[in-house]
Number of protein chains: 2
Amino acid sequence: MFVKPTRDRRAERREATRAEIVDAAWELVRAEGLAALSVRDLARKVGLQAPSLYSYFASKNAIYDALFAQGAAQYLEDVEAQLTPTGDPLQDLRAGMHAFVRFCTDDPVRYQLLFQRTIPGFEPSPESFAISIAGLESVQRRIAGLGITEPGDLDLLTALGTGLTDQQISNDPGGDRWIRLVDSAMEMYFTHVTHRKSRP
Amino acid sequence: MFVKPTRDRRAERREATRAEIVDAAWELVRAEGLAALSVRDLARKVGLQAPSLYSYFASKNAIYDALFAQGAAQYLEDVEAQLTPTGDPLQDLRAGMHAFVRFCTDDPVRYQLLFQRTIPGFEPSPESFAISIAGLESVQRRIAGLGITEPGDLDLLTALGTGLTDQQISNDPGGDRWIRLVDSAMEMYFTHVTHRKSRP
DNA sequence: TAGGTTTCACGAACATCGTTCGGAGTTTGC
DNA sequence: GCAAACTCCGAACGATGTTCGTGAAACCTA
């Protein structure tokens with residue numbers, strides 16, 4: 001019978017504890033808010049004392065960074081899952097923006113962590129940041145692939161998406177007013193770019 | 001020679017100190033960020049010890065609220081100053097949005113305090129909040145007065161303004177790329193609403 | 001199985017934070 | 001001139017993120 005080297009078992013258990021800490025951190029952060037996360041509370045939730053967490057994470061910000069990386073990975077995965085062009089640019093625009101706003105409103109805390117910069121001393125590490133950038137670039141490539149926009153239009157669409165998400169989260173969480181709003185915005189955008197294309 | 005009652009002199013000096021504290025708080029907050037404001041630092045900046053501040057403000061959040069109220073008053077004043085319709089709706093839209101984005105980007109910290117909710121335990125008092133609401137409603141009245149929009153379009157325009165401001169502040173502070181972006185956005189919006197109006 | 005090394009959990013403690021308290025020192029009202 | 005009110009401040013409290021040293025496991029080597 002194959003027995004794993006003990007060295008791997010040690011690393012495995014360490015990784016499991018790290019994952020457990022991250023999961024507990026998500027729970028606390030979703031319940032109490034991003035800034036309300038306390039190292040002592042988090043430690044107690046996983047059955048440890050506060051200083052013990054520092055065996056797994058160099059600082060509280062390192063824990064935030066683990067959350068950021070996980071959220072960015074989910075974002076990238078979600079974006080990739082939406083990469084199924086139908087041939088109808090307007091419908092693709094709508095579907096993509098629906099997916100994006102849905103992703104953000106499904107977990108406002110994750111959105112806040114990923115796309116707003118609201119935690120006082122925290123900056124994501126370059127590695128974690130690269131993951132989220134990969135997601136954003138994937139979105140941009142997709143929209144550019146629709147063949148209806150020019151480079152400047154992407155800024156416009158980004159601003160539109162940001163504003164829609166922000167307004168949705170702060171004004172009408174859980175409602176579906178945002179669906180009509182997104183549809184209207186995408187129609188507006190589509191009319192804009194095609195109208196410009198049709199001119200000489 | 002007229003001599004003010006001493007009671008008024010006392011109140012006057014108290015109000016002067018309060019104003020001095022608020023000014024110093026703006027300075028610190030602009031230099032170090034909203035969340036980095038420390039009661040002890042602020043006290044030292046006005047030549048006091050930390051507990052003395054509590055003779056003037058009930059809590060640190062009360063200081064934030066004073067900043068909020070002052071920022072909201074500036075916002076209201078700025079909005080009112082822009083209430084000069086020219087008769088050209090598109091130009092008015094552009095000018096209004098230029099003014100708004102300029103107001104926000106001129107002082108990102110003020111924007112963050114007024115329109116983002118980024119300070120952990122702070123909620124503006126109803127009185128301060130009412131001032132900012134008055135500004136927003138003034139903007140909405142103005143846009144509605146242009147006679148080109150329907151109620152749903154205001155949400156769209158708000159989302160657009162939010163997104164433009166957010167993207168400008170986080171990506172290109174101080175640059176003028178936002179001018180082209182705002183112009184393009186307003187043109188897009190204008191085309192959208194007039195195009196819909198021209199249909200039966 | 002025995003001895004040596006690495007890893008980890010914890011109690012104590014530190015600096016800093018917002019805030020409270022009690023008592024001086026000053027200003028005001030009568 | 002005296003009592004009341006107002007300011008100011010040193011000391012201290014509870015909570016925060018974090019460091020240090022200790023001791024007990026877990027692991028590797030023999």
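In the text below, chain A, chain B and the rest are named by the order of the sequence lines, each starting its count at 1. Nothing here was measured: the structure is a model prediction, and the numbers come from that model. Hydrogens, waters and symmetry mates play no part in the numbers below; they use all other heavy atoms, side chains included.
Computed from coordinates, the B:Asp65 CG to C:dG18 C1' distance equals 17 Å when rounded to whole Å. One can place CZ of B:Phe122 at 19 Å from C1' of C:dC17, the figure rounded to the nearest angstrom. What separates CZ of A:Arg13 from C1' of C:dT7 is a distance of 9 Å, to the nearest Å. Atom CG of B:Leu28 and atom P of C:dG18 are 12 Å apart (whole Å).
Using bins of under 30°, 30° to 60° and over 60° for the plane-to-plane angle, the ring pair B:Tyr64/B:Phe122 lands in the tilted bin.
Checking C:dT20, C:dC10, D:dT7 against every side-chain atom of B:Pro51, the shortest atom distance belongs to C:dT20. Comparing C:dC8, D:dC8, C:dT19 by their closest approach to the side chain of B:Arg40 singles out C:dT19. Proximity note for A:Ser38 (side chain, C-beta onward) versus C:dC10, C:dT7, D:dT16: the nearest is D:dT16.
One side chain, A:Gln70 or A:Trp26, offers a donor N or O that lies under 3.5 Å from an acceptor on the other.
As judged by a 4.0 angstrom heavy-atom cut-off over every strand, B:Tyr56 is placed among residues touching the sugar-phosphate backbone only. In this structure, A:Leu37 reaches the sugar-phosphate backbone alone: every heavy-atom distance under 4.0 Å involves primed, P, OP1 or OP2 atoms, never a base.
Within the 4.0 Å cut-off from OP1 or OP2 of D:dG17, not a single side-chain nitrogen or oxygen of A:Ser59 is found. Phosphate contact (OP1/OP2 of D:dT7, side-chain N/O of B:Arg14, threshold under 4.0 Å): present. Look at B:Ser52 and you'll find a side-chain N or O under 4.0 angstrom from OP1 or OP2 of D:dC9.
Contact of the A:Tyr189 side chain with the A:Leu93 side chain is registered, since non-hydrogen atoms from C-beta on lie closer than 4.5 Å.
Atom CZ of B:Phe129 sits in a sparse spot, with 12 or fewer heavy atoms from other residues, nucleotides or ligands closer than 6.0 Å.
Taking the nucleotide of DNA chain D with the nearest heavy atom to each of B:Gln49 and A:Tyr54, the more 5' of the two is matched to B:Gln49.
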